[in-house]
Amino acid sequence: PLLKEDTSHTINANVPIANGISLTSVRIDGLDTLIFFHALKPLANQTVQNQFTWASLKVEMVFAIEINTPTEHTFSNERFQSPSHNSSATRSQVNYIKVETTLEGVK
């Protein structure tokens with residue numbers, strides 16, 4: 001089904017946005033607030049238009065951001081960073097950021 005019991009629809013994906021940033025999911029809530037629907041409105045001989053209006057939609061996007069940080073090694077109580085030219089000199093960490101917005105009167 002398109003809508004879950006909580007009237008939301010989630011699309012899971014792994015879409016690269018930029019180097020180290022990916023869109024991992026989009027969730028739309030409020031699809032049950034459809035207040036206007038006009039299907040196949042003729043505009044010209046071979047052109048039709050569909051119109052939809054929702055009272056309120058909440059959109060939630062989750063982004064994965066990969067952050068590479070230098071690793072540190074300890075020798076004889078001295079700490080130093082590994083050289084940047086060494087491929088094992090960085091540690092990768094993925095953080096997730098959720099962005100939410102509510103849109104009113106969406107057409």
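Note that the structure is a prediction, hence the values are computed from the model and not measured.
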- Check the pair His9, Arg27 against side-chain contact (heavy atoms from CB on, under 4.5 Å), reporting the backbone distance first and the verdict last. CA-CA 6 Å; His9 183 68; Arg27 180 176 178 224; over 6 Å; no

- Do the non-hydrogen side-chain atoms of Gln51 and Phe36 ever get within less than 4.5 Å of each other? yes

- Closest heavy-atom pair and its distance - Ile17, Leu23: CG1-N, 3.8 Å

- Message: Contact between Thr102 and Ser56 at the side-chain level, heavy atoms closer than 4.5 Å - yes or no?
- Response: yes

- Counting N and O atoms only, with roles assigned by atom type, does the side chain of Asn50 sit under 3.5 Å from a partner on the main chain of Leu40, one being a donor and the other an acceptor? yes

- Message: Go through it in stages, so that I can follow the logic: the residues are Thr53 and Val106, the test is side-chain contact (heavy atoms from CB on, under 4.5 Å), and I'd like the CA-CA distance, side-chain angles, deciding distance and then a yes or no.
- Response: CA-CA 5 Å; Thr53 303; Val106 179; over 6 Å; no

- Task: Give the intermediate values and the outcome of side-chain contact (heavy atoms from CB on, under 4.5 Å) for residues Phe52 and Lys107.
- Result: CA-CA 6 Å; Phe52 303 89; Lys107 294 184 179 185; over 6 Å; no

- Would you say the side-chain atoms of Trp54 pair up with the backbone N or O of Leu31, donor to acceptor, closer than 3.5 Å? yes

- Message: Could you tell me if the side chain of Gln93 sits less than 4.5 Å from the side chain of Glu66, heavy atoms only?
- Response: no

- Message: Are Leu57 and Ile35 linked, directly or through intermediate hydrophobic residues, by side-chain heavy-atom contacts shorter than 4.5 Å (ILVMFWY only)?
- Response: no

- Query: Given side chains that start at C-beta, do those of Ile97 and Ile65 come closer than 4.5 Å, heavy atoms only?
  - Reply: yes

- Task: Could you give me the CA-CA distance, side-chain angles and deciding distance for Leu43 and Val48, then say whether side-chain contact (heavy atoms from CB on, under 4.5 Å) is met?
- Result: CA-CA 5 Å; Leu43 296 180; Val48 294; over 6 Å; no

- Query: Can you tell me how far the CD atom of Glu60 sits from the OG atom of Ser25, to the nearest 0.5 Å?
  - Reply: 6.5 Å

- Are Met61 and Tyr96 linked, directly or through other ILVMFWY residues, by side chains that come within less than 4.5 angstrom of each other? no

- Message: If hydrophobic clusters are built from ILVMFWY residues whose side chains come within less than 4.5 Å, do Val94 and Val62 share one?
- Response: yes

- Treating Ile, Leu, Val, Met, Phe, Trp and Tyr as nodes and any side-chain heavy-atom pair under 4.5 angstrom as an edge, say whether Val59 and Ile11 lie in one connected cluster. no

- Do Ile28 and Val99 belong together in a cluster built from hydrophobic side chains that touch within less than 4.5 Å? yes

- Gap separating the OG1 atom of Thr24 from the NZ atom of Lys98, nearest 0.5 angstrom: 11.0 Å

- Shortest non-hydrogen contact from Pro16 to Ser22? CA-OG, 3.9 Å

- Message: With a 3.5 Å distance limit and no angle check, can you tell me whether Thr33 reaches the backbone of Gly30 through a side-chain donor-acceptor pair?
- Response: yes

